[in-house]
Amino acid sequence: MTFDDLLAIGASAIRGNSDSATTGLDSGALATALGSLFAGNEGKPDFSGLLEKMKESNLDDIAASWLGNGENKAIPAELVNNILGSDMVANFASQLGLSEASAKQALADALPKMVDKGSSGGSLLQNIFDNAGGLDGLIGMARKFF
């Protein structure tokens with residue numbers, strides 16, 4: 001799955017939510033705004049910072065559900081600032097002409113789907129594996145969770 005595919009999935013999740021402020025937004029504008037949050041190197045998404053912030057915020061169980069094969073747990077919109085930072089959320093809101101409350105809800109709707117689809121088939125996990133420094137680095141990261 002390409003980064004553009006993940007951005008389209010996130011845009012679709014936002015357009016399909018119940019907030020009238022986001023349902024009519026242009027998919028391309030949504031994809032661009034989402035891309036500014038998660039663009040990594042070589043056109044690949046970088047969710048590692050997001051997952052690290054989730055761990056720091058004791059949201060490990062939610063992150064694990066997104067990476068696993070089961071049902072994705074929801075993230076409360078009020079916690080989006082904790083994992084992305086208020087400046088990033090404010091910038092996302094500004095790019096789309098949204099209130100910060102609508103932006104947080106939009107991101108809460110998009111994130112589980114984007115991370116889940118990015119991790120299916122191992123693409124996100126492989127990216128984390130590579131960035132962690134191979135198996136030894138991944139084991140060290142896993143120890144931090146337990």
In short, A110 meets A13 closest at the heavy-atom pair CA-CB, 4.0 Å
Would you say that N81 contacts K104 through its side chain, given a criterion of any heavy-atom pair below 4.5 Å between the two side chains? yes
Which heavy atom of T23 sits nearest to which heavy atom of N17, and what is that distance? CG2-O, 3.0 Å
Rounded to the nearest 0.5 Å, how far does CG of L25 lie from CZ of R15? 7.5 Å
Which residue, V89, I62, L51, I75, forms the side-chain contact (heavy atoms from CB on, under 4.5 Å) with I83? I75
Evaluation steps, side-chain contact (heavy atoms from CB on, under 4.5 Å), between T32 and L7: CA-CA 8 Å; T32 298; L7 296 175; over 6 Å; no
Atom pair CG/CG of D60 and L67 - distance to nearest 0.5 Å: 11.0 Å
Counting C-beta onward and ignoring hydrogens, is there a side-chain heavy-atom pair between V80 and F92 closer than 4.5 Å? no
In sequence, state the C-alpha distance, the side-chain angles, and the governing distance for T2 and D5, and then conclude on side chain to side chain donor-acceptor pair (under 3.5 Å). CA-CA 5 Å; T2 69; D5 293 336; 3.2 Å; yes
Under 3.5 Å side-chain donor-acceptor pair for N82 and S57: no
To the nearest 0.5 Å, tell me how far M54 CE sits from L59 CG. 5.0 Å
Please walk me through it: do L50 and L37 pass side-chain contact (heavy atoms from CB on, under 4.5 Å)? CA-CA 10 Å; L50 168 80; L37 293 174; over 6 Å; no
Run the numbers on D116 and I9 for side-chain contact (heavy atoms from CB on, under 4.5 Å), then give the verdict. CA-CA 10 Å; D116 178 57; I9 288 167; over 6 Å; no
Scanning both residues in full, the closest heavy-atom pair of A93 with A103 reads CB-CB, 3.6 Å
So L34 and M114, side-chain contact (heavy atoms from CB on, under 4.5 Å) or not? Walk me through it. CA-CA 10 Å; L34 287 167; M114 292 176 68; 4.1 Å; yes
Counting heavy atoms not belonging to D61, are there more than 12 under 6.0 Å from its CG? yes
Tightest non-hydrogen contact, residues W66 and K73, listed as NE1-O, 2.8 Å
Correct closest heavy-atom pair for I14 and A106 would be CG1-O, 3.3 Å
With a 3.5 Å cut-off and no angle check, do the side chains of N91 and S94 form a donor-acceptor pair? no
Has T22 got a side-chain atom pairing as donor or acceptor with D19's backbone, closer than 3.5 angstrom? yes
Atom CD of Q105 and atom CD of E100: how far apart are they, to the nearest 0.5 Å? 14.0 Å
Tell me, with the steps shown, if Q95 and S36 meet side chain to side chain donor-acceptor pair (under 3.5 Å). CA-CA 10 Å; Q95 286 180 44; S36 70; 3.2 Å; yes
Got a second to check how far L111's CG is from L84's CG, nearest 0.5 Å? 5.5 Å
Between A77 and A108, the two heavy atoms sitting closest are CA-CB, 3.9 Å
